[in-house]
Each structure stands twice: as C-alpha cells, then as structure tokens.
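Quick note on labels: first sequence line is chain A, next is B, and so on, each numbered from 1. Heavy atoms only: backbone and side chains are in, while hydrogens, waters and symmetry mates are out.
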There are 2 protein chains.
Amino acid sequence: MSLTDISRVRRFSRAVTTETGALDQSFLGRGRPLGVARVLNAIGHGRGDVADLRLYLGLDSGQLSRILRGLEEEGLITTETAEEDARRRVAVLTGKGSAEFAEYEALSNANANSLLSRHPDPDKLLEAMDFIASALTRDRITIELADPESPHANWCLDRYFDEVNRLFKQGFERAKTCDPQAPAMRPPVGAFLLALSDGLPIGCVALKGTDQGYAEVKRLWIAPSARGLGLSKRMMQETEREARRLGIGTLRLDTNEQMPAAIALYEKTGWARIERFNDDPYPTHFFEKKLT
Amino acid sequence: MSLTDISRVRRFSRAVTTETGALDQSFLGRGRPLGVARVLNAIGHGRGDVADLRLYLGLDSGQLSRILRGLEEEGLITTETAEEDARRRVAVLTGKGSAEFAEYEALSNANANSLLSRHPDPDKLLEAMDFIASALTRDRITIELADPESPHANWCLDRYFDEVNRLFKQGFERAKTCDPQAPAMRPPVGAFLLALSDGLPIGCVALKGTDQGYAEVKRLWIAPSARGLGLSKRMMQETEREARRLGIGTLRLDTNEQMPAAIALYEKTGWARIERFNDDPYPTHFFEKKLT
DNA sequence: ACATCTGTCTGACCTTTGTCAGGGAATTTC
DNA sequence: GAAATTCCCTGACAAAGGTCAGACAGATGT
C-alpha cells in the first residue's frame, strides 16, 4: 500500500472526525453530558437491556449504573427486572423520556439533512456514504428472514425491478414475468431473506415454493454500494440452508445472459445448466442444484 | 430530503464513528491521554505555535498550557518565544519527542493500511473516501501559490495528462503540445496555483506568461473527487486575481470540444471566443478575457 | 442444600477535561 | 510615553470520565 493511499485514508478520517465531532456537539445542545445522551439514545433505539448497553457503549458497570440512576432521577426512564432472568435489568423510556429522545432524534436528523443539502450532488454523496458504510460494517451484515411484503422487502424489490429494467435493452415489465406471489415466498413453502447492515436493507433474495417438487431462487439483489464484498455468495448459502430447513431437495433458478457475474457465481458454486423450465420471456439461462 | 436519505447519512456516520473511534483508541496505546496525544501530534505536524494550537484543537488556554508543561516535563518538547513577537510561544519537538511522534505516525499509518487492505476493492474505497472528504472539507479548501516543479504540482500535472490522454480519441502526447516551461509559470511573469484540501492537492491551474502582451491560462485540473463543488470557478477567479497582481491585462486560453463543462464555464464567466492563436494540434476552441 | 457463577448496584478514589479570573510581559495605538 | 490590547501562564475549582473492590440477589450445577 503506497504512502499516498495511506495519507488519503488519513485525510478522510480527519475530515470525518471533524464533521462527526460537530455532530456530537449537537448532543450537547440539550444540557446533558455526552455519556448520558448516548445512553438515552441507545435506550430509545431499543437497547434497554443493561448488559447490552454496557457492551454496546463500552461503559464500565459502575459508570453505567450511575448514569441510569441519573436518568431515573430526571424522570426519563424507569428500570425493571427482566422477566426471564431476575438478575438482569431493563431500562424503559417514560413518556417524558420518549419526548426527550424524540428531541435528540430531531437534532440528529436536522444535522444529517443539513450535511446533505449543503452538497450540490446529494445522490452521489449518499452513494459514496453507503459504499463506505457497507465496507466498514461488512463484518456486521446480517441475513434475516423477512416477510416478502414488508416495507424493507418492497424497498429492495423496487430497486431490483428498476435495475433490471435499465439493464435489459428491451425493457422489463413486471406484469409479463412470472412474479411470485407473496404466499409462495413465506414459510412453510418458501422464504424471503434480507441482508441488513446496521438495520438498513442492502440486499434480498426470495425462495419461491412450487408444487412440482422443487423451489426457485428469485430476486437476488445486492445494493450497488454493497457489491464486491462477497455478499451474494453468502445470500445464496443462506438460501440453501433455508431450503434444507424447509425440506426442499431441488433448487432451480433462471437468469439472463446480461448478468455475467451472477452466472459465474452459479457455475462456481455447484449449479448445473439445465433446459428451459418455464416460458418467462426474460431469462436466457437455467440452472438447477440438488441439495444433499 | 426523504427520511430514508437521512437514515442513510446517519448509518454512515455511525459506521464511521465506530471505526474512527477504534482509530482514536490507537492513540491510547501509548499510555497518554487523548488530549496530550493530540497536542503532540499537532506539534509534530508543524503546528508548534501556541495560539495556532489552541485554535486548531479547540482548547482552552489554561488547558493547553498545562498539557504543554506536561510534555515539557516528559522531555518531549521545548518551548521558545517566537522571534517576530516575543509574547508568542512556539513548541518544538526534542529528539525524544520526534521519536515519540514517529511512533504515533506509525500507528496511524498501520491503522489506515489495515482498513484499506481488508477491502476487496481498495481503489474504489479510496475514491469514495476522497469524494466524501472533499465534500466535508469544502469550506476549508484553500488555493495557494506553488512552484510548478514542486511534488504536489507534479502529482496534479501527471493526473491531468493521464486524464487528457484517456479523453482524447487520438490520444495526447505531452511532447506534441506546447507544454509551458516552468519559468513561464513562476513570478514575475506567471504563476502556478494549487487547490489544497487539508494539505492534500486536489486541483491546479497555471498562468503562463508570454512576451506578446497576454498570459495564458493552462492546465486547469480538478481531482474527480472534488468536482461539482464549484472549485474550477474559484480557481479561475484566483487566477484572474493573480494576473491582475502581476499587471497582466489580457488572458487567453485554449481548450478542446471534448470538455463541454469547461467551455460552458468560460462562456458563463465573461470569456469571449476568438480565432485560433497558436498551432497546438489539440485545442479546438480559443478564448480571451480582458481584465479591467 | 450447597457452592459457584452471573448481573447489577454502591462507594471510594483518581485522572482528565472544562471554565474562569487574574497576573506579567510584549506590542500596538494614540 | 501612557493607555489599551494581545498573548501566554498560573491557580482554583467543578464536572465528567474511568477504575476497582465488595455487597447483594438470582441462577446454575452437583
């Protein structure tokens, strides 16, 4: 790695710490020290569990305990013992606490908004941010089962169709293809998987159950910002695992010659070329994989 | 601005603070509090002036004074009164201090390096980082006079020629064009300007003096990561100001039809199309501007 | 039933950071 | 040359962050 490259990284990190340092400042606008504000925000984001908080914020048990007591005295939270284990405690926002949390959220949003609107090309800035965030949190991307009609799923599918439409010379109409119905992508016949990075969806894949002895893999999509991280391979592995769990023995999929990266992936991971098995006008290549 | 966009910005900022938080941790590996380490590093980077330090690090005068005394007791720095103003003090690294500073630099470099080498496509990551760093530090981009043969200038010029070569279908050979000689780009006949963002060069422009009653604007280049920020306009304004300072009354420039953005800029900022005034094979458009 | 482990809380203590008023020396202004 | 200003230092104090040993209650294993 050349020295210039390193100084580019360091310039980035200086720029970002200066900026996000200013972002931290916004937390101070409400007369509460940073540590306390961070704890309040973490609780607001659903991390009420004390042990979880300690881990997440890297705080000493004594320190966290004091901060929690302080918040309790302010009337912003209450603490209850957890049901499943009476040693553990869980912090919960009171009404006043929720209002205060909302104020912090508004501050954060306003900050993000002003950062974005100061830039002449916000879309490009967002793309670069997504790319970097995906790169940095790569080790923390999770793949989870989701409902095919949930907002996150729809967000991904919309992007998928947009992209396919742009890619195919002849265009792509959702009505003409065999778009799987939601029930076929739900257990026990099928599944829908989302890749989440820090809570935001960055990829999806569907497993569509059929009554013909096989299931189809469809709608594999990875956000542009998350490509090149080996995520599609992970998604496919998870899909196979899910298929096994559902007792499915044979997987099929179709794809188009204009997606060479996808085709290469399938060929590298044990999929076999087969004859056309449907009359969808868009796909040109057909694959099958037996699960053992 | 949509809520999704805002959550994308916030995801970025969380990802980055987690990562650069870990980077700050590295400063703690040497048994010194963060504030002290920051001061030592700033001094190592040439910011020895006490008033400058205070401004740069945002420290209270009392606090900085205490930190400096601490570093002095450790034998890492000495402070001297400035020559030009005996009230001001300047901190200088001792031999031991330089060694310590070098250790911090090595830590930082190793950190940046590991971040980069963990990524499958470091070049793309660097580009995204440059883009964001330029966007965030936009208000702090400075334009300075530089020597046309300095390393920074050469770095920019190399990139300029690379890019022109890629842009022109017929290619571009530095030998065939009228490449101005360095002395023509130095005062008192000409100038060479660099755009610096946090010390790194991100653009250049040359003012080439001639003995024919006008000067030529040449080699206007902005790093891809810094485009769209209105920087070329600022560079051209600075060039005109510099020309006035040198007593130049007429500016000329040539450009190529394959650079529509540049042509649009010239037309919008008071340049007039004129006849070809040289026999350089590459340019297709010629402009002139009278300075009043 | 007993010992052991786990999760949280408390109190004590220290370091670091943040803030402010005032003093002394050098410089600038009039 | 006197007054005002600028720059750095000092001392005092408060707030916040960090660390640790021990107490207590609940969970777990034998």
Engineer: For residues A:Thr78 and A:Glu72, is any side-chain donor paired with an opposing acceptor at under 3.5 Å?
Structural biologist: no
Engineer: Could you report the tightest heavy-atom contact between B:Ala135 and A:His119, atom names first, then the distance?
Structural biologist: CB-CD2, 3.3 Å
Engineer: Which one, C:dT10, D:dT10, C:dG18, comes nearest to the side chain of B:Ser65?
Structural biologist: D:dT10
Engineer: Round to the nearest Å and state the distance from B:Arg38 atom CZ to C:dG18 atom C1'.
Structural biologist: 13 Å
Engineer: Do A:His45 and A:Tyr56 have ring centroids that are under 6.0 Å from one another?
Structural biologist: no
Engineer: Cut-off 3.5 Å, side chains only: do A:Ser197 and A:Ser134 have a donor facing an acceptor?
Structural biologist: no
Engineer: Between D:dG17, C:dT8, C:dT17, which nucleotide has the shortest distance from any of its atoms to the side chain of A:Arg54?
Structural biologist: C:dT8
Engineer: Please report the distance, rounded to the nearest Å, between CG in B:Leu55 and P in D:dC8.
Structural biologist: 11 Å
Engineer: Below 3.5 Å, does any donor atom in the side chain of B:Ser61 face an acceptor in the base of D:dC9, or the other way round?
Structural biologist: yes
Engineer: Hey, which sits more toward the 5' end of DNA chain D by its nearest nucleotide, A:Gly62 or A:Val36?
Structural biologist: A:Val36
Engineer: Could you state the atom-to-atom distance from CD of B:Glu80 to P of D:dC8 in whole Å?
Structural biologist: 14 Å
Engineer: Output the rounded distance in Å from CG (B:Leu34) to P (D:dG17).
Structural biologist: 14 Å
Engineer: Nearest to the side chain of A:Pro33, which nucleotide is it out of D:dC8, C:dT10, D:dA16?
Structural biologist: D:dA16
Engineer: Please pick, from D:dG18, D:dC8, D:dC9, the nucleotide with the shortest atom-to-atom distance to any side-chain atom of A:Gln63.
Structural biologist: D:dG18
Engineer: Rounding to an integer number of Å, can you tell me how far B:Leu53 CG sits from D:dC7 P?
Structural biologist: 15 Å
Engineer: Quick check against the 3.5 Å criterion: does A:Thr94 have a side-chain atom that pairs as donor or acceptor with the backbone of A:Gly75?
Structural biologist: yes
Engineer: Whole Å only: how far is the CG atom of A:Asp49 from the P atom of C:dT6?
Structural biologist: 16 Å
Engineer: Determine whether a donor-acceptor pair (one donor, one acceptor, N or O, separation below 3.5 Å) exists between the side chain of B:Arg66 and the base of C:dT19.
Structural biologist: yes
Engineer: Given D:dC8, C:dG7, D:dC20, which nucleotide is nearest the side-chain atoms of A:Ala51?
Structural biologist: C:dG7
Engineer: Assuming nearest nucleotide by heavy-atom distance, tell me which of A:Asp60 and B:Leu64 is located more 5' along DNA chain D.
Structural biologist: B:Leu64
Engineer: In whole angstrom, what separates B:Arg69's CZ from C:dT16's P?
Structural biologist: 14 Å
Engineer: What is the distance from CG of A:Leu57 to P of D:dA16, rounded to the nearest Å?
Structural biologist: 17 Å
Engineer: Heavy atoms from C-beta onward define the side chain here; which of D:dC8, C:dT10, D:dG17 lies closest to that of B:Arg89?
Structural biologist: D:dC8
